[in-house]
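Inspection log for the structure reproduced underneath, given as structure tokens.
In what follows, every heavy atom counts, from backbone to side chain, and hydrogens, waters and symmetry copies are set aside. For the single chain, residues carry numbers from 1 onward in sequence order. Ligands are counted one by one from 1 in listed order, and the atoms in each one are counted from 1 as well.
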Amino acid sequence: MNTVYDEVFRASMTDPDGFWLAAADAIDWDVMPSIGVDASDEPFYRWFSDGRLNTCYNALDRHIEAGRGEQAALIYDSPVTDTVQRYSYRELRDRVARFAGVLTDQGVVAGDRVVVYLPMVPEAVVAMLACARIGAVHSVVFGGFAAAELAARIDDARPKVIVSASCGIEPNRVVAYKPLLDQALALSEHTVGSVIILQRPQLPVQLGDHELDWAEAERAAQPAAPVPVAATDPLYILYTSGTTGKPKGVVRDNGGHAVALRWSMANVFGIEPGDVFWAASDVGWVVGHSYIVYAPLLTGATTVLYEGKPVGTPDAGAFGRVIAEHRVAALFTAPTAMRAIRKEDPAGGLLTGHDLTSLQALYLAGERLDPDTYEWCTRTLAVPVIDNWWQTETGWPIAANPRGLELLPIKPGSPTVPMPGYKVEVVDGSGTPVDRGTEGNIVIKLPLPPGTLPTLWQDDRRYYEGYLAAFGGYYTTGDGGFIDSDGYLHILGRTDDVINVAGHRLSTGAMEAVVGAHPAVAECAVIGVHDSLKGQVPRALVVLQAGATTDPDQVIADIVAAVRAEIGPVAALKSVVVVPALPKTRSGKILRRTMRGIADGRPEAVPSTIEDPAVLETITPLLAQRQG
Ligand code: COA
Ligand code: AMP
């Protein structure tokens with residue numbers, strides 16, 4: 001059957017330049033691009049290389065000029081502070097312009113980096129857009145990371161300014177940001193020009209010499225005008241976990257990003273100007289960047305910024321209350337959030353006790369959507385539940401059900417079909433395409449569409465080696481899966497050591513570095529094991545040093561505390577198992593994949609080159625233990 005989707009997808013494949021240049025018409029350009037994809041520096045492709053624009057102007061000013069000045073741009077809903085605040089496009093633009101003036105006063109110019117370490121408050125959006133307004137490059141760091149992770153990002157991005165707050169608020173505690181920031185600045189080698197602190201009434205802090213109070217600085221500043229930049233100039237850097245401890249600085253450009261996100265909002269998410277869109281994620285993750293901040297605002301829609309959790313704030317009906325109160329048309333979150341609600345409210349009555357008539361669809365991403373959760377969401381909310389698969393690197397869905405174009409039949413367990421511009425293939429280890437239905441490495445033919453990463457921050461080599469070198473002419477996603485006979489994609493999980501905990505992407509390699517540093521630990525492996533709420537959680541297997549005298553329970557407690565202190569609470573490493581030895585190949589490689597396979601109930605992964613099968617037998621019961 002020839003569907004609308006088929007036609008649109010085909011157009012994006014046969015004439016990518018024409019397809020995306022037409023999509024670029026939805027954006028206001030200072031210099032309209034005439035070039036689609038620029039392959040002059042293959043395999044580093046760039047989009048719209050002769051275009052110039054300002055992303056902040058496109059997200060705010062132009063909607064005011066088009067008569068949407070009084071429409072709500074952002075609704076801040078914060079059950080943890082008992083606040084609901086609405087910002088019209090005009091109000092948000094005015095705050096952004098003024099804060100852009102604050103950054104300018106601090107010497108920030110186009111191309112400079114600004115690290116944003118803020119909780120889910122409107123000022124996070126203001127800071128991001130203010131950077132975009134003056135052509136500065138923001139790098140938002142998620143609040144659940146510890147000081148060392150923040151320091152690593154500061155050293156890589158080398159920001160002129162850091163914008164932070166006195167505290168974040170988790171349902172069970174106030175998180176003091178300032179000590180974390182101070183510690184990170186002490187750990188980092190790079191010297192930051194100035195630090196701007198948003199004082200929150202829940203925990204005001206004493207400011208030091210080079211620290212500015214946000215409110216005072218904003219009062220003193222003059223509004224700054226949008227600065228046009230090249231479409232290929234960086235808009236932001238967002239660090240994400242790779243297989244090593246060093247986070248990868250995913251770069252996003254201005255032009256391709258604006259075009260792709262505007263296109264996706266209409267065609268994937270079915271959202272038009274004036275609609276209310278709610279991405280219940282965090283601005284520290286890519287879902288937050290793309291679908292809390294940029295896509296809804298580039299569209300002239302209203303975005304909801306929610307500070308809280310889906311449960312316990314005050315109850316599992318919190319999401320229903322927000323949908324009803326703000327007339328949310330589409331909600332986007334991670335499957336974990338829905339599992340958390342279901343756990344507390346299996347019948348869904350607390351959720352559906354609210355007026356959900358505005359809701360047209362639920363979008364879920366960030367981790368595998370298990371069919372059971374899919375069924376529960378569909379039954380409870382009575383709207384299409386749309387799984388979509390993508391990564392920090394791509395910035396918008398690689399595969400989804402394009403509700404804005406047309407809703408295709410849903411298959412539970414599959415994020416449906418590739419989106420325009422993404423030629424997705426499944427290949428074996430040698431790069432040969434596999435048959436439909438056969439599992440393999442999921443790769444995407446180059447060039448990737450607009451909005452995807454052009455490279456890693458100041459590290460073309462790492463980008464090439466990490467993503468492009470394995471299969472010539474293709475981008476390696478790091479996910480495994482298959483394409484079925486209907487052309488639907490099925491994602492089975494990562495082929496590397498990245499894990500997804502509650503929709504948060506984490507590196508087991510980084511955790512192993514912390515665990516292995518404990519003096520009583522001889523060697524260790526951290527693997528992701530199934531968890532009924534968070535999808536996956538990390539489990540550390542540790543072999544103690546021969547003759548170690550420390551009490552194993554103390555070692556376990558130390559390790560849990562160390563991972564929390566070094567990587568952050570978000571790592572959620574709570575399970576540490578002391579084992580007599582780790583299973584290895586004859587050449588001494590730890591069989592992490594095999595252990596993962598056993599933990600996932602897929603023991604067929606055991607290779608024949610194993611050194612001592614008895615070791616694997618001993619730890620199998622420990623691996624197979626279900627979490628949660
Ligand atoms: N600042 C400081 N600490 C944070 C934090 C932040 N921004 N975000 C999380 N943490 C802490 C939590 O407080 C928790 O600490 P604890 O061990 O002291 O309780 C720890 O990090 C783990 O957090 P989380 O994984 O979120 O677990 P949780 O039990 O607090 O909540 C869910 C579980 C399912 C409710 C929550 O993870 C959720 O809503 N996730 C889905 C939505 C989402 O944001 N996905 C992201 C990509 S779309
Ligand atoms: P992140 O970069 O944090 O968005 O994490 C990206 C990774 O999350 C992907 O490589 C997948 O492993 C996983 N992921 C994201 N969305 C989905 C999905 N819909 N189904 C399965 N896995 C997903």
Side-chain angles (χ1 to χ4, degrees), residues 117-120 124 141-146 165 167-177 180 238-242 248 250 279-292 306-313 316 318-319 332-344 363-370 374 386-400 413-416 442 453 476-481 489-496 498-506 528 531 533-537 560 563-564 567-574:
Y117 185 57
L118 283 168
M120 285 286 286
V141 180
F142 177 62
F145 283 122
C167 68
I169 301 160
E170 284 293 288
N172 57 356
R173 66 189 191 285
V174 170
V175 183
Y177 271 34
L180 288 169
L238 179 56
Y239 288 88
T240 189
S241 298
K248 300 193 279 198
V250 168
S281 175
D282 189 289
V283 285
W285 304 109
V286 71
V287 173
H289 278 62
S290 293
Y291 294 105
I292 296 175
Y306 179 75
E307 187 182 29
K309 297 252 157 132
V311 289
T313 54
F319 273 25
F332 185 1
T333 189
T336 305
M338 301 312 292
R339 286 195 295 267
I341 294 171
R342 180 186 183 181
K343 195 171 167 192
E344 279 197 20
Y363 287 83
L364 296 171
E367 54 175 324
R368 181 167 176 271
L369 172 57
D370 54 287
Y374 164 80
I386 299 179
D387 184 5
N388 55 116
W389 168 65
W390 48 298
Q391 322 182 297
T392 305
E393 289 84 345
T394 66
W396 63 286
I398 307 168
S414 164
T416 318
I442 308 182
L453 82 170
T476 306
T477 64
D479 282 316
L489 205 58
H490 296 254
I491 312 299
L492 297 175
R494 298 288 304 191
T495 55
D496 56 16
V498 167
I499 59 172
N500 271 74
V501 180
H504 307 141
R505 175 165 157 183
L506 296 161
D531 180 86
L533 174 65
K534 297 191 176 190
Q536 273 188 310
V537 288
V560 169
V563 170
R564 197 177 169 90
I567 296 175
V570 69
L573 179 82
K574 302 213 163 123

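In the vicinity of Asn172, heavy-atom distances shorter than 4.0 Å reach the ligand 1 atoms 19 (O). Counting the atoms of ligand 1 from 1 in the order shown, those under 4.0 Å from a heavy atom of Gly503 are 46 (C), 47 (C). Listed by atom number, the atoms of ligand 1 under 4.0 Å from Gly144 heavy atoms are 1 (N), 2 (C), 3 (N), 4 (C), 5 (C), 6 (C), 7 (N). Which parts of ligand 1 touch Pro310 is read off a 4.0 Å heavy-atom cut-off, strictly below it: atoms 35 (C), 39 (O). Counting the atoms of ligand 1 from 1 in the order shown, those under 4.0 Å from a heavy atom of Phe142 are 5 (C), 7 (N), 8 (N). Each of the atoms 44 (O), 46 (C), 47 (C), 48 (S) of ligand 1 lies under 4.0 Å from some heavy atom of Ser281. Listed by number with element, the atoms of ligand 1 under 4.0 Å from a non-hydrogen atom of Lys534 are 22 (C), 24 (P), 25 (O), 27 (O), 29 (O). Those atoms of ligand 1 with a heavy atom of Val570 less than 4.0 angstrom away are 21 (O).
Looking at Gly143 next to ligand 1, an N or O pair under 3.5 Å apart turns up. Annotation: Lys309 places an N or O atom under 3.5 Å from an N or O atom of ligand 1; distance criterion only. Close N/O approach between Thr336 and ligand 1 is not found [any backbone or side-chain N/O within under 3.5 Å]. Here's the thing with Glu170: one of its N/O atoms is less than 3.5 angstrom from an N/O atom of ligand 1.
Enumerated by chain and number, the residues approaching ligand 2 to less than 4.0 Å through a heavy atom are Val286, Gly366, Glu367, Arg368, Asp387, Asn388, Trp389, Trp390, Gln391, Thr392, Asp479, Ile491, Arg494, Asn500, Arg505.
The side-chain heavy atoms of Tyr239 and Val141, taken from C-beta on, include no pair separated by under 4.5 Å. Side-chain contact between Val250 and Gln391 is absent, with no heavy atoms from C-beta onward closer than 4.5 Å. Looking only at side-chain heavy atoms (C-beta outward), Arg494 and Ile499 stay at 4.5 Å or farther from each other. Side-chain atoms of Pro415 and Ile491, non-hydrogen and from C-beta on, do get closer than 4.5 Å to each other. Residues Leu573 and Arg564 have side chains not in contact (no heavy-atom distance under 4.5 Å, counting atoms from C-beta outward). In this structure, Glu170 and Lys309 have side chains that are in contact, with non-hydrogen atoms separated by less than 4.5 Å.
Applying side chain to side chain contact (heavy atoms under 4.5 Å, CB included) to Leu369 and the options Asn388, Leu364, Ile386 leaves one that passes, Leu364.
For the ligand labelled ligand 1, residue Arg339 lies outside the 4.0 Å heavy-atom shell. Residue-ligand proximity: Phe332 is placed with every non-hydrogen atom at 4.0 Å or more from ligand 1. Residue contacts with ligand 1 include Arg173, since one or more of its heavy atoms lies under 4.0 Å from the ligand. Assignment of Gly366 to the shell around ligand 1 is not supported, since no heavy atom sits closer than 4.0 Å.
The single protein non-hydrogen atom nearest to atom 37 (O) of ligand 1 is Ala502 CB, 3.5 Å, given as residue, atom name and distance. Nearest to atom 22 (C) of ligand 1 among the protein's heavy atoms is Pro569 O, 3.7 Å.
Proximity of Lys574 to ligand 1, defined as any heavy-atom pair under 4.0 Å, is confined to the side chain (atoms from C-beta onward). The proximity of Ala572 to ligand 1, defined as any non-hydrogen pair under 4.0 Å, does not occur for either the backbone or the side chain.
Although no hydrogens or angles enter the test, the distance criterion places no donor-acceptor pair under 3.5 Å between the side chain of His504 and the main chain of Asn500.
Considering only residues two or more places apart in sequence or on other chains, Trp390 meets the ring pair (Phe, Tyr, Trp, His ring centres under 6.0 Å) condition with Tyr291.
Taken from CG in Leu506 to CD in Gln536, the straight-line distance is 9.5 Å, to the nearest 0.5 Å. Between the CG atom in Leu238 and the NZ atom in Lys248 there is a gap of 12.0 Å [rounded to 0.5 Å]. Here the straight-line distance linking atom CZ of Phe142 with atom CZ of Arg505 works out to 15.0 Å at 0.5 Å rounding. We find the CG-OH distance between Asp387 and Tyr374 to be 10.0 Å, quoted to the nearest 0.5 Å. Between the CG atom in Leu453 and the OG1 atom in Thr394 there is a gap of 8.5 Å [rounded to 0.5 Å]. With rounding to the nearest 0.5 angstrom, the CG atom of Asp496 is 10.5 Å from the OG1 atom of Thr476.
The heavy atom nearest to atom 18 (O) of ligand 1, considering only Arg564, Glu344, Glu307, is found in Arg564.
Defined by atom type and a distance below 3.5 Å, a donor-acceptor pair is present between the side-chain atoms of Thr313 and Tyr306.
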